[in-house]
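To start, the structure under review is shown below, and the notes come after it.
It should be emphasised that the depicted structure is a prediction, and the values quoted were computed from it without experimental measurement. Protein chains get the first letters and strands the later ones, always in sequence-line order, with residue 1 at the start of each.
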There are 2 protein chains.
Amino acid sequence: MTDNKDKTLVLENFLPYRLSYLTNIISHQLAQLYTTQFDITAHEWKILAILNRYPNISAADAGEKTAMDKVAVSRAVKELSEKALVHKIFAAEDKRRSVLNLTGQGTDLFHKIAPLVTEYENALLAILTKQEQAQLSQLLDKLTHHVTAVKP
Amino acid sequence: MTDNKDKTLVLENFLPYRLSYLTNIISHQLAQLYTTQFDITAHEWKILAILNRYPNISAADAGEKTAMDKVAVSRAVKELSEKALVHKIFAAEDKRRSVLNLTGQGTDLFHKIAPLVTEYENALLAILTKQEQAQLSQLLDKLTHHVTAVKP
DNA sequence: TGAAATAGGTTTCATTTGTAACTATAAATA
DNA sequence: TATTTATAGTTACAAATGAAACCTATTTCA
């Protein structure tokens, strides 16, 4: 009889706990890469990355694509603007809507950090075979779709 | 040529990002279960769960088993003690070391919450086949061992 | 139209969290 | 043994976060 069978919750086997344990460690290690060498928070890094990929998007769009709430986006953008890494204007056709872009400096910084984090990702994935990597990707997709469907 | 090939970091494909996205949603949904119905934080819930499984452990042990830092453990235990859910004494043979246990009330509360969170876990896992669940478990193990080995 | 509702962003305030300093006890060592 | 060093836990302060209130601009529709 397994522990789950008799209804005793075993933290070590509990999926949400295991996911959060792993994720916390990874996020922490990853953050080291840019918080120490460059003076950038995790939120700020996310905004840099998303603006590199999608120029001219609004704060709301950036929030949606990064799963950050609008307050966090607003604060990160403000910081990044003050650091001259991001340029913000308001759209002419709708003056509420912001239009965000990396500055030259912002682009430069992105290209300094990106190799570090992809290197970290590669180091992570190195213990998995190509097939396992594909499995993992698929499982994460399934779970993510499921989970966002349940409570959108 | 894929986006990864030309070194442009694509957030949506980046494993740490995808993990953190999924985990945040799950943690949040899960927390709803006990923060709303019972007045318990995520940290407090972790302590309840670990003390149910391992009675008589110290705060340091609890922290190690839950991946919480000692300050978070101290605060959660203090709260739980004030709510009479956890009983804390100091060990006779080493007066620095605490000895923690659930009270009767604490045990009762644990047994109220446990079914809710396991039900949530089951709902989560329901989109995966048994085989996929096993794969996921194995992949998480591999990654977790790897990641803790890299930076212990 | 013009009042009400909505949407994008920002600010404020309270809570949470993390780091570092601190207290008390125990272990190590000189 | 006396002094240093290490360990368990708490406290204090600062930074990060989240919820709600708050502009301002745009829609909606009576």
Indicate, with yes or no, if the rings of Phe110(A) and Trp45(A) have centres closer together than 6.0 Å.
-> yes
Is the charged tip of Lys65(A) near the ring of Tyr54(A): under 6.0 Å from the six-membered ring centre and within 45° of its axis?
-> yes
Annotated protein contacts, base or backbone, on nucleotides 9-18 of chain C with a non-hydrogen cut-off under 4.0 Å, one of B, S, - each | BBBB----BB
Under-4.0 Å salt bridge between Glu79(A) and Lys83(A) | yes
By salt bridge (Lys or Arg N to Asp or Glu O under 4.0 Å), Asp94(A) pairs with (sequence neighbours left out) Arg96(A)
How does the hydrophobic cluster around Ile89(B) look, that is, which other residues are in it when side-chain heavy atoms under 4.5 Å mark a link?
-> Val99(B)
Partners meeting side chain to side chain contact (heavy atoms under 4.5 Å, CB included) with Ile127(A) (sequence neighbours left out) = Leu143(B), His146(B)
Summary of side-chain hydrogen bond (donor to acceptor under 3.5 Å, both in side chains) pairs that have at least one residue in residues 15-24 of chain A, sequence neighbours excluded | Arg18(A)-Ser137(B), Arg18(A)-Asp141(B), Thr23(A)-Thr23(B)
Opening and closing nucleotides of DNA chain D in contact with chain B, under 4.0 Å to non-hydrogen atoms = dA6(D) to dA12(D)
